[in-house]
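Notes follow the structure.
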Amino acid sequence: MGYSLWPFLAIAGGIAVILGSRRLGESLQKVVLPLSAAVIGVSLWQLACEFKSYELRAPDGSVRLIEVFPTPWQTLVELARMLQDGTLLRYTIASLYRVAVGFGLAAAIGIPVGLVAGWSTRAYRTINPLVQGLRPISPLAWIPVAILWFGVEDASAIFLIFLSSFFPIITGAMTAVHSIPTVFLRSARNFRLGRAELFRYVVFPAALPQIITSLRMALGIAWLVIVAAEMIAVQSGLGYVITDARNGNNYPRVLAAMVCIGLIGIVLDLGVRQLQKLDEVRWGFSKA
Amino acid sequence: MAQRFGDFPSMKEALIARQIDATFMIAPLAMKLVSDGVPVRIVYLGHRDGSALAVGADSPFKEFKELAGKRIAIPSRFSNQNLLMARMMKKNGMPPGSIELIEMPPPDMPSALASKALDGYIVGEPHPSKAELGGYGRILFFMKDLWPNFISCVLVVRQEVIDGQRPLVQELVDGIAASGKWLEEDKEQGAAHRKAAAVVVGKMFYNQDPALLEYVLTKPLDRVSYTNLTPPRDTFDEIMDLAVETGVLPRHMAFEEYCDPSFAPELEGLPPVRSFPMPTAEELATVGK
């Protein structure tokens with residue numbers, strides 16, 4: 001059945017560019033290197049498709065080529081179709097909305113609780129075992145529970161996203177307060193700061209860089225969970241597209257939605273990284 | 001070698017990737033695979049009837065028409081349950097879409113009904129019985145009330161296997177026919193065979209409560225039937241018409257294109273065969289109170 005030539009050429013070209021990129025300027029490298037990696041990835045994808053397809057010989061001698069896996073081109077065509085009929089935009093907004101609410105609630109509850117639990121030993125002893133015990137449970141396992149509690153509406157999906165991001169945030173906040181250098185607290189005490197002031201002017205700012213790191217991680221997880229969260233009978237969202245297209249045998253659409261989730265993930269991560277550049281938190285990082 | 005799947009999509013993908021050679025799946029899904037160019041054929045049926053429409057135990061519904069505007073779960077758009085709903089809406093003069101149908105994995109349906117996230121669901125057993133036994137659901141309609149001799153699951157085999165290993169496929173089909181015949185053999189005399197099957201199958205294959213399966217198989221006895229499994233052209237033509245009409249399938253296909261009934265055995269000459277070891281008396285005592 002044979003393989004196409006272009007993926008091999010593209011892979012060779014990509015590798016050549018990466019190897020020869022030492023002499024390129026830094027700003028050019030930042031564009032060329034990830035692009036080369038993407039070209040190699042897409043080429044390997046194409047080869048995997050061709051590897052999986054097979055010829056079916058009927059008893060009458062006729063031969064049919066059976067394609068098993070959607071190719072990059074089929075996926076791109078499907079992506080264009082979704083862009084054109086508006087589903088892509090609509091479902092992206094639906095998913096982002098659920099992540100925003102779930103993640104927002106997780107941050108709104110997780111940060112204060114985590115700060116308190118990190119500060120007070122008794123609160124830590126009370127909360128930490130529970131948090132660490134619930135943290136490793138996959139959102140997939142929570143689906144039946146979510147349906148029982150929240151039905152098959154948005155609330156269930158939001159609940160799952162909340163769960164998945166709540167535990168990393170609260171753990172991050174607890175650890176952040178825990179690991180504040182004692183010298184900060186001692187000097188604060190020398191200035192005779194009250195409890196509230198200590199929290200406001202020392203503890204919170206000192207913990208902030210680490211909290212932001214945990215927010216960044218948690219947002220990544222929240223977005224990761226969107227497919228599982230939207231497996232519950234909601235009727236919109238990129239995760240829903242995957243389940244729906246899979247049920248409907250439209251595998252190019254499954255891949256197209258996966259590509260979208262990946263691309264939006266990159267954008268979200270870039271966005272949170274901007275937070276780390278704020279003056280208030282910048283001091284916490286050796287390398288911005 | 002047997003392999004159990006928890007959902008239809010994974011099974012379908014294993015079939016497409018040639019990891020499995022034969023499987024039971026919902027009939028329109030098999031037709032959809034063929035229309036998408038996947039080389040498989042329906043060679044036999046798995047059972048007849050065996051689905052039910054369950055609603056909340058305290059719901060007021062008596063007639064199909066009253067489901068207008070309600071939310072009913074179906075296992076897949078490529079299920080005969082979906083087509084049946086379309087058929088019933090048409091029959092009752094209800095416009096398409098007047099019942100909100102949502103796709104849901106069958107195991108999630110009973111709990112969704114219990115939490116009132118659904119007004120009802122239509123799916124294969126044992127899920128409707130589960131709601132009944134749990135006390136929060138009741139059966140509004142059995143399939144025999146809505147579409148007698150309902151076809152739900154069919155035996156699908158890859159074309160390569162049909163072409164290359166005919167005796168093997170024949171053995172499989174004969175086995176299904178013979179064990180179906182065995183199940184039905186003593187139906188009128190206490191249905192001990194069905195009870196034994198509930199115990200063995202529940203433990204060996206499905207990890208389901210044998211009491212639930214016994215309920216499914218015996219109360220009433222015609223909830224599911226295991227004879228008359230030759231793929232019938234007229235019913236499949238009707239399914240095809242409904243599927244195209246509702247947009248579930250993109251085009252009409254001839255019966256021969258997706259079905260190969262040449263393996264279906266003559267039941268008369270076939271001896272009933274029990275395909276599993278008989279359960280012990282203690283095991284049997286767990287069901288049939």
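So that the names make sense, note that chain A is the first sequence line, chain B the second, and so on, each numbered from 1. Just so you know, these numbers use all the heavy atoms, side chains as well, and skip hydrogens, waters and symmetry mates.
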Non-hydrogen atoms of [X] and [Y] that approach each other most closely:
X         : Y         : answer
Glu103(B) : Asn247(A) : OE2-CB, 4.2 Å
Lys52(A)  : Ala17(B)  : NZ-O, 4.2 Å
Phe78(B)  : Gly248(A) : CE1-CA, 3.4 Å

If you count heavy-atom pairs within less than 4.5 Å of chain B, which of Phe150(A), Tyr251(A), Trp149(A) leads? Tyr251(A)
If you count the non-hydrogen atoms of other residues, nucleotides and ligands that lie under 6.0 Å from [atom1] in [X], is the total more than 12?
X         : atom1 : result
Met253(B) : CE    : yes
Lys12(B)  : NZ    : yes
Tyr97(A)  : OH    : no
Trp6(A)   : CH2   : yes
Glu257(B) : CD    : yes
Gln84(A)  : CD    : no

Are any of the side-chain heavy atoms of Val68(A) and Glu13(B) separated by less than 4.5 Å?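 With C-beta onward as the side chain, the pair stays apart.
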When you compare the side chain of Phe69(A) with that of Ile16(B), does any pair of heavy atoms fall below 4.5 Å? no
From [atom1] ([X]) to [atom2] ([Y]), nearest 0.5 Å:
X         : Y         : atom1 : atom2 : result
Asp108(B) : Leu148(A) : CG    : CG    : 9.0 Å
Ile66(A)  : Arg158(B) : CD1   : CZ    : 10.5 Å
Glu55(A)  : Glu160(B) : CD    : CD    : 11.0 Å

Under 4.5 Å from any heavy atom of chain A - which part of Ser35(B):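 Contact with chain A is absent: no heavy atom of Ser35(B) under 4.5 Å.
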Under 4.5 Å from any heavy atom of chain A, what part of Leu33(B) do you find: side chain, backbone, both or neither?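 Both the backbone and the side chain of Leu33(B) come within 4.5 Å of chain A.
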Distance-only, no hydrogens or angles: does the Arg77(B) side chain make a donor-acceptor pair with backbone N or O of Asp244(A) under 3.5 Å? yes
